[in-house]
Asker: 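This is the structure I want to talk about, given as structure tokens.
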Amino acid sequence: MKVFSITNRIDAVTRIPDRYLGATLPAPRAVKIELTSQCNYRCGFCAHRLRMKDRGGMDQAFFERVVGEMVDAGVEELGLFYIGESFMCDWLPEAIAFAKQRGIRYAFLTTNGSLATPARVRECMAAGLDSLKFSMNNADEEQFAQIAAVKAKLFRDSIANLKAAHRVREEGAYQCGLYASSIQYDGEQQEKMLALVDEIRPYVDEHYWLPLYSMGSLTTQREEELGYRPIAGNQGRIGALREPLPCWSAFTEGHVTHDGKLSACCFDAGDKWVMADLNAVPFMEGWNSAPFRELRAAHLRKDVRGTICESCVAYQ
């Protein structure tokens, strides 16, 4: 089975190529689209828990229309997730199948793992999923209950589901990469995380570390309560960190909310970075909207004062 390097793909998105260093851009190679904004976790480091907007699911007809527009414009990779947990979407396998049939070359998905049961994973792999990544950010049940603010049982469920996903892939000979990422903490907490990674590493093709992101400075108070210090902005993964400005999120990857808004930020849990309403305009018109062009120009000047990005902890 041919397995793609997920870190190479991540680095290709966070490294802004010369042809994307402009205010008006060609279609992004990758887009993340939020089938549902619901999540069964309440993680302290995630702005999702703040409930800054109504939650819900994407209209399937809208999904098919906008994915078609993306493919026609040149989008090759589609992440079927954004802020919410996509395994809460009943028609996730159908969404994957449609995207692949419509022309998406690489369909990828990130999950917290607790709802990624073997039956559901099998459906997604059979539909053509190319990559499934588990976010494993807690070392033990005690930390999980504190950070995710849900029943500790889900911690073991996520680990069991990750291991089962490997078995499902092997039994079905599915062409789907399996990956895991973890937040790199400090000191004793990191030592605990290493033990978890040792447990899950045999079941994934690749594991990588991420910094603790600031979520656009929206979770600062809770982070302080938990004793964690986030990295400035979104600088990618550990080992290939990028400069905060210009931020790749506004240049190389699209982000579509469950209700059809096109956002400039991969952390936008509350419509603070909305650049266009794709219910009203086609994808490429939104991608190069006047607000988007103005924001990108500020990023290229490395001066985002007076823009929504000024609120991010990276620029304090």
Side-chain angles (χ1 to χ4, degrees), residues 6-34 45-48 52 75 77-79 81-83 108 110 135 181 183-184 208-220 223 229-257 261-276 278 283-284 286-316:
I6 192 172
T7 50
N8 285 346
R9 287 184 175 272
I10 293 169
D11 294 348
V13 172
T14 61
R15 182 195 307 112
I16 307 175
D18 289 344
R19 71 191 188 103
Y20 281 93
L21 288 173
T24 301
L25 300 176
R29 192 178 75 175
V31 173
K32 290 176 182 174
I33 190 165
E34 187 176 55
F45 52 75
C46 181
H48 179 273
M52 293 178 287
V75 173
E77 303 180 8
L78 186 68
F81 70 101
Y82 179 24
I83 304 294
F108 61 104
T110 289
S135 292
S181 68
I183 292 174
Q184 188 173 83
Y208 61 96
W209 296 97
L210 293 171
L212 179 61
Y213 297 130
S214 71
M215 296 295 287
S217 79
L218 296 172
T219 61
T220 304
E223 288 161 352
R229 183 182 180 85
I231 195 171
N234 185 343
Q235 299 180 37
R237 68 177 182 88
I238 300 293
L241 295 178
R242 311 302 183 190
E243 292 296 322
L245 287 173
C247 179
W248 60 268
S249 181
F251 292 82
T252 60
E253 185 177 81
H255 305 91
V256 183
T257 65
K261 306 300 193 307
L262 180 63
S263 177
C265 183
C266 51
F267 298 142
D268 193 0
D271 287 354
K272 292 182 177 294
W273 283 266
V274 169
M275 299 289 107
L278 298 184
F283 176 77
M284 283 305 296
W287 179 244
N288 285 314
S289 66
F292 227 150
R293 296 196 308 271
E294 293 169 5
L295 183 64
R296 290 180 185 129
H299 276 249
L300 292 170
R301 293 193 302 269
K302 297 189 177 183
D303 182 359
V304 295
R305 288 173 295 180
T307 76
I308 185 59
C309 294
E310 186 177 18
S311 67
C312 181
V313 70
Y315 318 120
Q316 297 299 314

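Computed from a predicted model, the values in this text were never measured in an experiment. Index from 1, following the sequence.
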Asker: Between Phe292 and Thr24, is the side-chain contact (heavy atoms from CB on, under 4.5 Å) condition met? List the steps.
Answerer: CA-CA 8 Å; Phe292 227 150; Thr24 301; over 6 Å; no
Asker: Looking only at atom types and distance, does a side-chain atom of His299 sit under 3.5 Å from a main-chain N or O of Cys247, one as donor and one as acceptor?
Answerer: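 Answer holds: yes.
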Asker: Show your working on side-chain contact (heavy atoms from CB on, under 4.5 Å) between Leu245 and Val304 and close with a plain yes or no.
Answerer: CA-CA 9 Å; Leu245 287 173; Val304 295; 3.8 Å; yes
Asker: Is a side-chain donor or acceptor of Tyr208 paired with a backbone partner of Ile6 at a separation under 3.5 angstrom?
Answerer: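 Absent.
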Asker: A side-chain contact here means heavy atoms from C-beta on lying under 4.5 Å apart; do Leu262 and Val274 qualify?
Answerer: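 A side-chain contact is absent here, since even the closest heavy-atom pair is not under 4.5 Å.
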Asker: Taking Thr252 for its side chain and Val13 for its backbone only, find out whether a donor-acceptor pair lies under 3.5 Å.
Answerer: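 Yes, because the side chain of Thr252 sits within donor-acceptor range (under 3.5 Å) of the backbone of Val13.
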Asker: When you compare the side chain of Lys32 with that of Phe81, does any pair of heavy atoms fall below 4.5 Å?
Answerer: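 With C-beta onward as the side chain, the pair touches.
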Asker: Atom CG in Leu210, atom OG in Ser135: separation rounded to 0.5 Å?
Answerer: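 Here the interatomic distance stands at 7.5 Å.
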Asker: Is any side-chain heavy atom of Ser249 less than 4.5 Å from a side-chain heavy atom of Phe267?
Answerer: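 Result no, sub-4.5 Å side-chain heavy-atom pair not found.
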Asker: Would you compute the distance between atom CD1 of Ile308 and atom CG of Leu295 and round it to the nearest 0.5 angstrom?
Answerer: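 Answer for the CD1-CG pair, Ile308 versus Leu295, is 9.0 Å.
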Asker: Under 4.5 Å between any side-chain heavy atoms of Ser263 and Val256, yes or no?
Answerer: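 A side-chain contact is absent here, since even the closest heavy-atom pair is not under 4.5 Å.
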Asker: Does Lys261 offer a backbone N or O that forms a donor-acceptor pair with the side chain of Asp271 under 3.5 Å?
Answerer: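 Checking the backbone N and O of Lys261 against the side chain of Asp271, no donor-acceptor pair under 3.5 Å is found.
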Asker: State whether Glu77 and Arg29 are salt-bridged, where the test is any N-O pair (Lys NZ or Arg NE/NH1/NH2 against Asp/Glu carboxylate O) under 4.0 Å.
Answerer: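 Result for this pair is yes, salt bridge flagged.
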Asker: Can you tell if the side chain of Lys302 reaches within under 4.5 Å of the side chain of Pro246, non-hydrogen atoms only?
Answerer: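 Touching, per the 4.5 Å side-chain cut-off.
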Asker: Give the C-alpha distance, both sets of side-chain angles, the deciding distance and a yes or no for salt bridge (charged side-chain N to carboxylate O under 4.0 Å, His left out) between Asp303 and Arg301.
Answerer: CA-CA 5 Å; Asp303 182 359; Arg301 293 193 302 269; 5.6 Å; no
Asker: Among Arg9, Glu253, Arg242, whose side chain to side chain donor-acceptor pair (under 3.5 Å) with Thr14 holds?
Answerer: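 Of Arg9, Glu253, Arg242, side chain to side chain donor-acceptor pair (under 3.5 Å) with Thr14 is met by Arg242 alone.
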Asker: Okay, side chain of Glu34, backbone of Tyr82: is any donor-acceptor separation there less than 3.5 Å?
Answerer: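 No, the answer is negative, given that no donor and acceptor are paired below the 3.5 Å cut-off.
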Asker: For the residue pair Arg296 and Trp287, would you count it as a cation-pi contact if the rule is NZ or CZ under 6.0 angstrom from the ring centre and within 45 degrees of the ring axis?
Answerer: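 Positive - Arg296 is close enough to the ring of Trp287 and near enough to its axis.
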Asker: Flag the pair Phe251 / Leu300 as yes when at least one side-chain heavy-atom distance between them is below 4.5 Å, and no otherwise.
Answerer: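 Yes - at least one pair of side-chain heavy atoms lies under 4.5 Å apart.
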